[in-house]
Colleague: 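Next up is a structure, given as structure tokens.
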Protein chains: 2
Amino acid sequence: MGTTQLEQVPEPKYWHLKTVLTDALDSEFSVGEILPNERELAARFGVARATLRQALEQLELEGRLQRRRGVGTTVAPPRVGVDVGPEPHRWPGLPGEAWQTDGVEPAAPPAPVARLLATTPGTPVHAVRRTRISHGQPVATELLYLPAASLPGAPDLTHGDADAAHTLLRLLHANALEGQDRAVELGSARAEDARQLDRLPGAPVLVVTTRYFSAGRTAAVAVATYRADTCRLTFAETGPLPLAG
Amino acid sequence: MGTTQLEQVPEPKYWHLKTVLTDALDSEFSVGEILPNERELAARFGVARATLRQALEQLELEGRLQRRRGVGTTVAPPRVGVDVGPEPHRWPGLPGEAWQTDGVEPAAPPAPVARLLATTPGTPVHAVRRTRISHGQPVATELLYLPAASLPGAPDLTHGDADAAHTLLRLLHANALEGQDRAVELGSARAEDARQLDRLPGAPVLVVTTRYFSAGRTAAVAVATYRADTCRLTFAETGPLPLAG
DNA sequence: TAGTGGTCTAGACCACGCC
DNA sequence: GCGTGGTCTAGACCACTAT
């Protein structure tokens with residue numbers, strides 16, 4: 001960074017910082033190690049704390065760092081691969097799943113989900129909340145929206161625990177599942193999801209939307225929210241494969 | 001926002017701002033419309049420009065806004081769905097694909113890719129660059145890493161145009177494809193990808209890594225970089241499906 | 001040249017985890 | 001209480017686009 005460099009097109013300081021820190025992480029630090037605090041690092045690199053933070057934010061986004069208020073910044077372990085299908089077509093909530101059922105509540109689906117379910121926007125439906133645990137840490141939360149049309153004979157909308165949710169899921173399983181469908185996009189964690197994932201609101205998440213088809217219509221929609229900093233979503237092979245990796 | 005509210009747990013200003021802006025976007029603005037500039041908006045809400053920008057950043061991350069230097073901030077159209085499989089297993093570069101082949105260059109695969117390919121880290125291999133266009137806009141760039149072991153009789157490493165790349169791909173197609181594999185994770189655009197995607201370096205992207213298996217090993221690895229702000233990755237149904245949505 | 005978003009500074013105070 | 005990261009301010013200047 002001396003005076004010998006002309007920097008015809010000066011790259012932003014935070015970008016350069018990121019490069020330097022990435023190299024340092026690769027060579028001088030090991031997983032779990034605590035970095036110097038932000039004020040110290042900023043002083044060491046001769047930049048304002050805000051600039052240093054801009055670099056740290058990107059590194060956290062890339063899963064290289066983990067920052068916790070009141071604690072410090074640590075070197076993150078490599079992202080864990082989380083399998084998200086395509087599984088053999090199965091209803092959610094069947095035994096042998098990676099998901100844990102937490103309960104059920106009435107919830108008005110977000111507009112795009114209401115459109116998929118062909119319900120009137122703003123009208124609450126049964127929403128089963130589930131959590132996915134991997135390596136002892138929650139990696140995803142999910143809201144499974146179940147319109148009344150898919151639950152013949154179901155009780156009125158109400159809050160309930162895991163048992164109540166299982167009762168609803170059994171009604172869902174009575175339908176014939178004809179197929180399913182997935183989409184992945186980037187989002188930011190809503191307050192409740194953030195709390196369950198041990199992150200701050202607005203943290204980047206991968207949103208996986210699954211549609212379940214039955215009787216020629218969308219019988220259920222699941223919106224799962226995965227921690228983007230720690231998760232790599234894997235779509236495993238369907239056919240016979242050699243598993244070379 | 002008057003004095004009547006106690007705010008026991010005051011939520012951050014930028015978070016509240018984001019909510020207000022989201023509602024305004026839903027009700028008062030239409031796609032493509034230009035918002036007031038940042039200084040104007042900050043003044044209108046009585047916050048510093050940095051705080052306003054924190055809210056705008058999140059909205060851009062969620063695909064609600066589009067910001068361009070020298071131009072302004074506009075309301076973004078809904079994300080486009082981009083199909084990323086699972087397709088019937090096919091080598092990349094066959095006719096009928098959504099990808100356009102740009103050329104080939106020697107490139108040292110990143111460490112994780114080198115591990116998958118079982119090549120020695122730091123050693124360059126053939127890297128075919130491809131671009132995916134959707135609705136007239138580039139939505140993804142890809143580097144397809146081809147180790148020499150998968151290209152019997154290939155010429156030495158060299159830069160080349162689309163024709164040279166096609167020649168290499170034909171050699172690849174001579175192998176028997178046994179299966180493939182995908183993973184999705186969050187990343188930030190490297191300088192070159194950012195340029196091709198018309199974004200700034202560091203912009204959030206969805207990184208799709210595809211492994212191609214042949215003869216019991218990983219014959220090729222593709223690292224595709226999708227614009228996270230404008231893309232929703234869809235994993236279409238493999239089996240027969242009613243297509244109700 | 002004027003106006004936009006992008007970068008950067010040097011502070012201040014707050015919320016949280018730990019001792 | 002102390003140290004950490006998180007939020008916020010009020011400026012300044014730069015890079016880019018359109019006119």
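Just so it is clear: chains get the letters A, B, ... in the order the sequence lines come, proteins before strands, and each one is counted from 1. Keep in mind that the numbers below use all heavy atoms, side chains included, and drop hydrogens, waters and symmetry copies.
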Colleague: Rounded to the Å, how far apart are B:I34 CD1 and C:dG3 P?
Modeller: 15 Å

Colleague: Respond yes when some side-chain nitrogen or oxygen of A:R53 is under 4.0 Å from OP1 or OP2 of D:dG6, and no when none is.
Modeller: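 True: A:R53 side-chain N/O within range (under 4.0 Å) of D:dG6 OP1/OP2.
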
Colleague: Would you indicate, yes or no, if C:dT4 has its OP1 or OP2 atom less than 4.0 angstrom from a side-chain nitrogen or oxygen of B:R67?
Modeller: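 Answer no for this pair, as no side-chain N or O of B:R67 is under 4.0 Å from OP1 or OP2.
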
Colleague: So, is B:T73 close to the C:dT4 phosphate, meaning a side-chain N or O under 4.0 Å from OP1 or OP2?
Modeller: no

Colleague: Can you list every side-chain hydrogen bond (donor to acceptor under 3.5 Å, both in side chains) pair that touches residues 103-113 of chain B, not counting sequence neighbours?
Modeller: none

Colleague: Have a look at A:L200 and say if it touches a base, only the backbone sugar-phosphate, or nothing, with a 4.0 Å heavy-atom cut-off.
Modeller: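 Here A:L200 touches the backbone only, sparing every base.
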
Colleague: List in chain and number order the residues that pass salt bridge (charged side-chain N to carboxylate O under 4.0 Å, His left out) with A:D26, two or more places apart in sequence or in another chain; answer none if no residue qualifies.
Modeller: A:R64

Colleague: Mind listing the side-chain donor-acceptor pairs of residues 43-51 of chain B below 3.5 Å, one per line with the distance, residues two or more places apart or on another chain?
Modeller:
residue : atom : partner : partner atom : Å
B:R44   : NH2  : B:E40   : OE2          : 3.0
B:R49   : NE   : B:E38   : OE1          : 3.0
B:R49   : NH2  : B:E38   : OE1          : 3.1

Colleague: For B:L35 and C:dG5, give me the distance from atom CG to atom C1', rounded to whole Å.
Modeller: 13 Å

Colleague: A:E33: what forms a salt bridge (charged side-chain N to carboxylate O under 4.0 Å, His left out) with it, not counting sequence neighbours?
Modeller: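 Partners of A:E33 by the salt bridge (charged side-chain N to carboxylate O under 4.0 Å, His left out) criterion come out as none, since no residue qualifies.
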
Colleague: Pairs under 3.5 angstrom, nitrogen or oxygen only, protein versus nucleotides 9-15 of chain D, please.
Modeller:
residue : atom : partner : partner atom : Å
D:dT9   : OP1  : B:K13   : NZ           : 3.0
D:dT9   : OP2  : B:A48   : N            : 2.8
D:dT9   : OP2  : B:T51   : OG1          : 2.4
D:dA15  : O4'  : B:R69   : NH1          : 3.4

Colleague: Counting only side-chain nitrogens and oxygens, does B:N37 get under 4.0 Å of the OP1 or OP2 atom of C:dG3?
Modeller: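 No, outside the criterion.
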
Colleague: Taking only N and O in the side chain of B:Y14, is any of them less than 4.0 Å away from OP1 or OP2 of D:dT7?
Modeller: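 For D:dT7, OP1/OP2 do have a side-chain N/O of B:Y14 under 4.0 Å.
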
Colleague: What integer distance in Å separates A:D198:CG from C:dC16:P?
Modeller: 13 Å

Colleague: Could you state the CD-P distance from B:Q66 to C:dG6, rounded to the nearest angstrom?
Modeller: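 Distance check: B:Q66 CD to C:dG6 P gives 11 Å.
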
Colleague: Partners of A:Y212 by ring pair (Phe, Tyr, Trp, His ring centres under 6.0 Å), sequence neighbours excluded?
Modeller: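 Here the qualifying residues are A:W91.
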
Colleague: In whole angstrom, give the distance that lies between atom CD of A:E57 and atom P of C:dT7.
Modeller: 12 Å

Colleague: Output yes when a side-chain donor or acceptor of A:D163 lies under 3.5 Å from a complementary backbone atom of A:H166, and no otherwise.
Modeller: no

